[in-house]
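As C-alpha cells, the structure follows; a few thoughts come after it.
Read the numbers this way: they start at 1 and go in the same order the structure lists the ligands and their atoms.
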Amino acid sequence: MCGIFGYVGLRSATPVLLEGLRQLEYRGYDSAGIATLDGGLQVVRSVGKIAALERRLRDRPLDGSCGIAHTRWATHGAPTEANAHPHTDCRGEIAVIHNGIIENHAALRRELEARGHRFRSETDTEVLAHLIEESYEGDLEQAVERALGRVRGAFGIAVMRDGEPGRIVLARRGSPLVIGIGVNEHFAASDVTALVRHTRQVLHLEDDEIAVIEPGGFRIARLGDGAEIDREVETVDWEVGDVDRGGYPHYMLKEICEQPETIRNALRGRIVLDEGIPKLGGLEAVMDEIRRCRHVAIVSCGTSYYAGLVARYLFEEFTDLTVEVELASEFRYRRLNLTDGTMVLAISQSGETADTLAAVREAKRKGALCLGLVNAVGSTIARETHAGVYLHAGPEIGVASTKAFTSQVAILTLMAVLFGRHGRLSLHEGRRVLTELMRIPELLERLLERRDEIAALAQRYADCEHFLYIGRKFSYPIALEGALKIKEIAYVHAEGYAAGEMKHGPLALIDPSYTCVALCPAGDLQEKTLSNMQELKARGGRMIAVATEGDGAAAAIADDVVEVPATLECLSPLLEVVPLQLFAYELAVRKGRDVDKPRNLAKSVTVE
Ligand code: M6R
C-alpha cells in the first residue's frame, strides 16, 4: 500500500526521487521520506503528503546521485516522522524502505534489542535495517540476502549503504517491485506508473528475487541459492500523458471522462461482428479447457467485486455456466471444493490486491484453471494466472476506481458472449449484444456532456446525511458501487441494497434524513422497482431516480431524475454507473474532500 522509488545514475537524485514519489502518492500518503548518499547517508522524513517532505528538503537539501524514497500508508505504528521510511540501522549507515509486512517482527525485535540494537520506531520495517547491519560482512547484497533469510511475511524493499555508493539492493516477496532501465541510470519503483516519465524499458521482479541496480547495469538473482536470472526486458506502452492530470482538477474526474475512450480500448480488435463472437487473444491457449468448465468462481475485492456481480448476470444470461461471485478475502479461507470443471476468474485493476492474489494461489494449488482480468500489465495476478485479458484502460491513479470498472464490465460482457457462443448463444444474439456494446462509448460521450446537471444535483443534495442506493438485477451491483463511491470519497454514510430487500428490514430506517437513489432502467423489472420507490417515498425520504431517457414513470415518483440513454438491459450498468461516479465526485468536491487520496485508503491493497 506504500510507494517505493529508487534512483542511481549521474543526475542529482533528490528531484528524481520526489517526482517518483509524487507519482506514487496515491498508494499511501500519511508520511514520506528520502535518503541519499551525500558525503554519508542522509535521511529526511516528514509526516503528511509529499508536499510536506518537499518543504523539509528546502530547509535541508540533499545532494548525491543515489537515493531511495518512500511514501507510507501506516500499518505498524502511527503515521509519525519516527515511523516514516527510510529506516536506518544503529550506526546510521544502512537505509531501508519497505512495502509489505514482516510477520515475525516482534520476536526479531526482542532478539535484536537483547543483542544491543536500539530501535527508534514502532515499525516492522526497522528490524530489517538492524538485521542487515548484523549480517553485513563487506557486501550489501549478501547482507540483505542473509537478513531476509530470517524474516517471515511480505516485502518489497530497497536498501542502500554508506560506503557502497551507486548501488541499491532490491528484493521482493509478495510486494511488487519494478526496475526501470535508462542510459547510465537505473530506477526502481513499486509501480510502473512512476517509471514511464523516465523510461519505458522495465523488468518486474518476481517473488523471492534479489536485484542490484547501478548506473551502468543491473542483475537479478534468486533469493536462497543466488542463481542468476536472465529475464527479458518489457516495453511499457503507456504515454507520459496517461499519468498526468491533463488539465483536470483531479485524476478521478479525468478518469471518469476518459471512459468512452477506455471502453473503446477495451473493445478494440476484440470483436468479430460477422461471426457475432469476441476474439480474446489472451484466452485462446486455454479455450479448450474453458469449454470443458461447467462452473466459474469469480473472486475480487471492492469495485472489482461489483464488476464480478455484474458478470454473474451476464454469464447466466448467455452461457450454461453456473456462477459464484465471492469476495477474495472470504474465498481464500473457504474449504474449497474445486471440482474438475471449475475455473476461477480473478478481477483486479492493480493486479496486486493481496486477497485476490491469495485466492488465485489457493485455487491454483487445488488445480483449478485460473484466469485474470487485470489492468496493470505485468502485475503479479497477471503473471500468476494461467491466462487472461488486460483492460488496457491506462493507469488509474484516483483511489476511487472508475474507468477500470467500466472496462471490466465491458470485457466481462465479451467473455460472456464468447463463452456463450461456444454454447447456446445464437449468432443473432451474439451480434445484437456486440453491436450495442460498440455503441456504448458514443452513448457515454452524450452522457458526459451532462456533467453540469450532475454537479447541480450534488449541490442540491450536499447536506444529505444518508444515502440509500437501490437496484435490481444488473442495477443491483451498480447500487452497491454508487454507495461505495459516496462512502469512499465524500465520507457520507451510504448503503447499496437490492431493491427487493427493502421490506426485509431497511425500510424501517427511512425518514426525511435519507435520500434514496433508485436505479430503474426500462425493462422487465422496472415496475417492481417503481413500487419499491413508492414505498420509500411514502416514508418521507428524498429521491433521485436514474432512468432511461424519455421514460416518465420514474419522474412521476422521484424528486429528481438523471436520464441515461436507452440500451440493452445487460449493458445498462455501463451507463448507469457514470452519473453515480460523477455525483459522488461532485459531492466530495463540495465537501472539500481530498478526492484522489481519500483518508485511510490507498490505491493498491497489497496487505491483507
Ligand atoms: O486493484 P483491485 O481492483 O484489486 O482493487 C480492489 C479494491 O481495493 C478497489 O476496487 C477499491 O474498492 C476501490 N478503491 C474502490 O473505488
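- Shown in contact with S401 at under 4.0 Å from a heavy atom are these atoms of ligand 1, numbered in order with element: 15 (C), 16 (O).
- Taking every heavy atom of both residues into account, G20 and A194 meet most closely at O-CB, 4.0 Å.
- Residue D596 comes nearest to G398 through the heavy atom pair OD1-CA, 3.9 Å, listed as atom of the first residue, atom of the second, then distance.
- Near V399, with a cut-off below 4.0 Å to any heavy atom, the atoms of ligand 1 are 13 (C), 14 (N), 16 (O).
- Short contacts between ligand 1 and S304, defined as distances under 4.0 Å to a heavy atom of the residue, involve ligand atoms 2 (P), 3 (O), 10 (O).
- Using a cutoff of 4.0 Å between basic side-chain nitrogens and carboxylate oxygens, E362 and K366 are scored as salt-bridged.
- Relative to the ring axis of Y514, R542 does not place its NZ or CZ within 45° and under 6.0 Å from the centre.
- Under a 4.0 Å heavy-atom criterion, E352 is not in contact with ligand 1.
- Across T342 and A368, no two heavy atoms sit closer than the pair O-CB, 3.9 Å.
- Atoms of ligand 1 lying under 4.0 Å from any heavy atom of K485, numbered from 1 in the order shown and given with element: 15 (C), 16 (O).
- For atom 9 (C) of ligand 1, the nearest non-hydrogen atom of the protein is T303 N, 4.0 Å.
- Taking the six-membered ring for Trp and the full ring otherwise, the centers of F187 and H198 sit less than 6.0 Å from each other.
- Close approach to A400 involves these atoms of ligand 1, each under 4.0 Å from a residue heavy atom: 16 (O).
- E495 and H493 share a donor-acceptor pair across their side chains, judged by distance under 3.5 Å alone.
- Below 4.0 Å from some heavy atom of S348 lie the following atoms of ligand 1, by number and element: 1 (O), 2 (P), 3 (O), 4 (O).
- At least one N or O atom of T353 sits closer than 3.5 Å to an N or O atom of ligand 1.
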